[in-house]
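What follows is one structure encoded as structure tokens, with my remarks underneath.
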Protein chains: 2
Amino acid sequence: MDNGSGSPRTPNFRQRRRSNEFPPEISKSNGNYLLVNDKYKYRSMWIRAYSSLWMLAFVSLIIYMGHLYIMLMVVVIQIFMASELFNLLRRATQDKHLPKFKLLNWHFFFTAMLFVYGRILSQQLKNTVTSDKIFYRLVSNLIKYQMVICYFLYIAGFVWFILSLKKRYYKYQFGQYAWTHMILIVVFTQSAFTVANIFEGIFWFLFPASLIAMNDVAAYFFGFFFGKTPLIKLSPKKTWEGFIGASVATMIAAFAFANFLGHFQWLTCPRKDLSTGWLVCDPDPNFKPEYIPLPGLVSHWLPWKEIAVLPVQWHALWMGLFASIIAPFGGFFASGFKRAFKIKDFGDSIPGHGGFTDRMDCQMVMAVFVYIYHQSFVAQDYSVEMFLDQIMRNLGSEEQIALYTKLGHILQERRFIQT
Amino acid sequence: MDNGSGSPRTPNFRQRRRSNEFPPEISKSNGNYLLVNDKYKYRSMWIRAYSSLWMLAFVSLIIYMGHLYIMLMVVVIQIFMASELFNLLRRATQDKHLPKFKLLNWHFFFTAMLFVYGRILSQQLKNTVTSDKIFYRLVSNLIKYQMVICYFLYIAGFVWFILSLKKRYYKYQFGQYAWTHMILIVVFTQSAFTVANIFEGIFWFLFPASLIAMNDVAAYFFGFFFGKTPLIKLSPKKTWEGFIGASVATMIAAFAFANFLGHFQWLTCPRKDLSTGWLVCDPDPNFKPEYIPLPGLVSHWLPWKEIAVLPVQWHALWMGLFASIIAPFGGFFASGFKRAFKIKDFGDSIPGHGGFTDRMDCQMVMAVFVYIYHQSFVAQDYSVEMFLDQIMRNLGSEEQIALYTKLGHILQERRFIQT
């Protein structure tokens with residue numbers, strides 16, 4: 001969540017980094033800067049709308065291209081975010097004396113990348129290379145020792161850091177080290193959960209991301225036309241009218257939009273490998289319509305006697321609620337952070353929006369929520385199929401027979417099966 | 001790793017926190033402060049030795065009492081460490097204006113605790129309560145929704161933080177927020193891996209922890225008697241003589257000590273519940289002696305024709321190598337950190353040693369290594385027993401039969417079994 005562009009005044013105090021205009025809410029923050037009073041609001045609205053449309057078109061294309069490309073998009077966004085954030089607290093005067101310190105940041109970044117993506121995608125990776133036995137064994141071993149490899153890459157960075165410590169810069173260096181770790185956590189929490197969601201089915205990525213965008217747009221317009229009562233000091237342009245209007249709109253949109261998206265197998269099937277081919281699956285029960293009879297009075301006036309609801313639509317309501325009530329706090333957090341460090345935006349890559357980090361603040365909170373929600377309330381934790389799959393994949397033929405025999409004995413003992 | 005106590009001079013510059021004496025390596029750091037030249041070294045040695053003995057006795061008692069008590073000890077240490085670290089960067093003048101800010105830190109701490117221990121001990125917890133059906137169901141559900149619960153506790157803290165943001169303190173508050181997260185990562189990484197190691201068998205906790213202590217003591221004595229060549233600027237009292245001598249000693253000790261510890265079932269059996277009762281298990285192959293014939297020449301002079309080696313002793317050599325070469329960097333890191341923030345120790349709880357954090361720096365690096373090493377090179381990842389266990393635990397009787405039948409069909413198709 002972001003605050004649009006500011007008015008073209010020149011502030012008295014030091015301007016930091018790329019901000020061409022200083023946001024009015026920093027120079028004065030006691031209200032009077034609601035969007036309804038901002039005479040530049042139309043220009044700023046058009047810039048935002050224009051780049052939003054481009055983003056929408058681009059994301060649609062990527063989604064059409066498939067899971068692997070969506071993941072790559074996440075990775076690219078992630079690299080941009082890390083780069084924006086790495087630059088935020090660096091001081092050129094200190095860095096002059098610490099060559100290769102930037103390289104170390106990226107060493108940690110790529111170590112984290114190997115670790116996180118290796119974990120999330122190990123099963124997909126294995127499934128993709130099953131045809132070639134030697135390659136499969138290589139990949140299996142890499143996956144098996146992935147933790148060790150990543151740990152030693154990390155330790156290498158850790159030792160490198162310690163050996164690079166320079167007198168008089170200790171405090172700056174330790175500060176940067178902590179800051180790098182914070183960035184990696186923020187950036188990788190987001191992307192790890194996002195990528196995990198993507199492979200559960202694009203729906204679990206696209207739907208929550210859309211809810212955030214919808215809620216953002218709705219809050220913008222409700223605030224634009226009706227906003228009067230300031231919501232929170234951190235983001236002086238946000239209003240209660242925008243917040244509440246957007247919540248209601250998002251809940252309604254969530255219910256309808258889940259029904260729409262839920263009809264595409266491309267979006268609802270999980271992806272168990274890394275190919276980009278066509279995707280067909282037996283739909284999950286959550287995406288199979290249930291027919292709910294309408295109560296007598298309603299059906300009297302309408303041509304339908306029942307409506308078809310996908311069970312996922314009930315889940316959608318919870319996600320809508322979260323997207324409109326809790327996720328905005330991701331935005332407040334980012335606002336507060338920018339205010340604390342006196343910057344307008346994290347970057348300037350997206351005209352009218354700021355940097356990538358500015359767009360991702362709420363998405364992040366949302367992706368984590370959706371992942372946990374999906375794991376806890378949607379996914380089946382233990383199914384017969386899951387066990388069969390695991391057994392066939394991970395045991396040798398002799399072990400499979402041993403397991404079959406032992407299981408047989410146990411079930412016989414308990415009189416569940418006949419001899 | 002720590003540097004003993006300093007000489008009783010009074011330094012010119014501002015003394016921070018509890019340090020009664022200022023370490024000489026901060027006031028002057030261009031060498032000449034090696035232990036061989038320190039006239040107070042005997043006194044400081046006796047203080048350290050005395051409290052080391054008490055610690056040794058205490059830890060032995062705890063280990064005798066069992067896994068649950070060891071875990072509780074880890075938790076207590078963890079609380080002390082968190083408290084030492086939380087206090088490190090607080091500024092009393094700012095905190096006056098931010099009531100309850102300390103409470104928020106502990107809210108995050110206990111959320112992290114619930115998350116980490118819930119994950120590690122879920123299986124043990126389930127196994128402990130199997131006798132009572134209702135209680136078992138309650139615990140199962142708590143475990144199932146544990147991630148959701150923790151996530152919402154975290155989000156509650158996150159929202160609380162944002163709502164508590166106070167103008168003029170933004171930067172301090174964000175700094176503290178980041179610092180809290182860094183502390184939680186450091187403290188919980190350590191304890192999570194340590195606790196996981198404990199339940200794999202006390203050996204996997206006790207042995208690496210002893211190696212660190214041995215290496216520390218050995219480095220101290222080698223440095224004490226032979227130390228001449230400074231090792232690293234960060235810790236001016238460390239010498240190459242101490243480092244190398246300790247490495248050799250630690251490797252030899254590791255090989256011998258693993259054989260000794262490997263003979264106690266109390267130490268080698270994994271613990272699958274939270275009871276503290278007697279522990280008997282079929283020893284893991286790593287703890288079953290293998291007989292290696294001695295080469296002709298050697299056996300000619302010795303009364304034995306072969307020696308009994310536990311396979312775990314080979315693993316022990318790797319752990320010894322790590323404990324003496326890499327783990328000390330945990331100490332260098334802590335030294336550098338203390339130097340950056342101009343403090344002598346993290347606390348003063350252990351006479352002659354400093355705070356808990358001072359004693360834990362290398363242990364932390366080591367615990368993570370041992371966990372990953374154990375997972376990658378020692379533990380069997382998929383065994384028939386593991387699957388049987390999981391199937392009996394997580395599937396209902398009908399699903400068990402379905403799994404048995406389906407597995408039978410698959411094995412028949414592949415001609416692994418007869419009809």
Side-chain angles (χ1 to χ4, degrees), chain A residues 29 144-145 147-148 151 155 158-159 161-163 165 167 170-171 173-175 178-179 181-182 185 232-234 326 329 332-333 336-337 339-341 365 368-369 372-373 375-377 381-384 387-388 390-392 394-395 397 399-404 406-408 410-411 414 416-417, chain B residues 29 144-145 147-148 151 155 158-159 161-163 165 167 170-171 173-175 178-179 181-182 185 232-234 326 329 332-333 336-337 339-341 365 368-369 372-373 375-377 381-384 387-388 390-392 394-395 397 399-404 406-408 410-411 414 416-417:
Chain A
S29 54
K144 189 173 171 202
Y145 298 116
M147 254 209 304
V148 182
Y151 181 69
I155 286 291
F158 180 71
V159 170
F161 168 74
I162 291 162
L163 296 179
L165 281 171
K167 228 174 148 182
Y170 286 164
K171 204 162 180 176
Q173 286 180 298
F174 275 95
W179 178 237
H181 280 69
M182 285 304 295
I185 291 161
I232 188 168
K233 276 193 196 146
L234 282 171
I326 305 290
F329 279 89
F332 303 152
F333 185 86
F337 184 88
R339 211 159 278 260
F341 291 94
V365 181
V368 178
F369 170 75
I372 292 173
Y373 185 90
Q375 292 292 315
S376 306
F377 301 109
D381 26 19
Y382 293 104
S383 70
V384 174
F387 272 115
L388 267 182
Q390 294 253 324
I391 291 166
M392 301 320 292
N394 296 308
L395 294 184
S397 56
E399 288 173 310
Q400 288 170 13
I401 297 165
L403 177 66
Y404 178 71
K406 284 188 184 174
L407 187 59
I410 295 173
L411 295 179
R414 304 196 175 180
F416 290 159
I417 55 168
Chain B
S29 54
K144 189 173 172 199
Y145 298 116
M147 253 212 300
V148 181
Y151 181 68
I155 285 290
F158 180 71
V159 169
F161 168 74
I162 291 162
L163 296 179
L165 281 171
K167 232 175 145 179
Y170 287 163
K171 205 163 178 174
Q173 287 181 297
F174 275 96
W179 178 237
H181 281 70
M182 284 305 293
I185 292 161
I232 188 167
K233 276 192 196 149
L234 282 172
I326 306 290
F329 279 90
F332 303 153
F333 184 86
F337 184 87
R339 209 158 279 261
F341 291 93
V365 181
V368 178
F369 170 74
I372 292 173
Y373 185 88
Q375 291 293 314
S376 305
F377 300 109
D381 26 18
Y382 292 103
S383 70
V384 173
F387 273 114
L388 266 183
Q390 295 253 324
I391 291 165
M392 300 321 291
N394 296 306
L395 295 184
S397 55
E399 288 174 310
Q400 289 172 11
I401 297 166
L403 177 66
Y404 178 70
K406 282 188 186 175
L407 188 58
I410 295 173
L411 295 179
R414 303 197 176 179
F416 290 159
I417 56 168

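Throughout, a chain's letter reflects where its sequence line sits, starting with A, and its residues are numbered from 1.
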Between A:Phe174 and chain B, with a heavy-atom cut-off of 4.5 Å, which part of the residue counts as in contact: side chain, backbone, both or neither?
side chain

On the 0 to 90° scale, with breaks at 30° and 60°, tag the A:Tyr404-B:Tyr404 ring pair as parallel, tilted or perpendicular.
parallel

Aromatic ring proximity A:Phe161/B:Phe329, centre distance under 6.0 Å:
no

Are A:Tyr170 and B:Leu234 close enough, and set up right, to give a side chain to side chain contact (heavy atoms under 4.5 Å, CB included), and what steps lead you there?
CA-CA 10 Å; A:Tyr170 286 164; B:Leu234 282 172; 3.6 Å; yes

Of the backbone (N, CA, C, O) and the side chain (C-beta and beyond), which part of B:Leu403 lies under 4.5 Å from a heavy atom of chain A, both, or neither?
both

Bottom line for B:Ile155: the part with an atom under 4.5 Å from chain A's heavy atoms is side chain

So what's closer than 4.5 Å to chain B heavy atoms on A:Ile326: side chain, backbone, both or neither?
side chain

What about A:Phe377 and B:Tyr145, are their ring centers closer than 6.0 Å?
yes

Honestly, the part of A:Leu411 sitting under 4.5 Å from a heavy atom of chain B is side chain

Chain B contact via A:Leu165 - side chain, backbone, both or neither, heavy atoms under 4.5 Å:
side chain

For a side chain to side chain contact (heavy atoms under 4.5 Å, CB included) check, start with the C-alpha distance between A:Lys233 and B:Lys167, then their side-chain angles and the critical distance, and finish with the verdict.
CA-CA 9 Å; A:Lys233 276 193 196 146; B:Lys167 232 175 145 179; 5.6 Å; no

Got a second to check how far A:Phe337's CZ is from B:Lys171's NZ, nearest 0.5 Å?
9.5 Å

Taking it one step at a time, do B:Met182 and A:His181 satisfy side chain to side chain contact (heavy atoms under 4.5 Å, CB included)?
CA-CA 8 Å; B:Met182 284 305 293; A:His181 280 69; 3.8 Å; yes

Stepwise side chain to side chain contact (heavy atoms under 4.5 Å, CB included) test for A:Tyr373 and B:Val148:
CA-CA 7 Å; A:Tyr373 185 90; B:Val148 181; over 6 Å; no

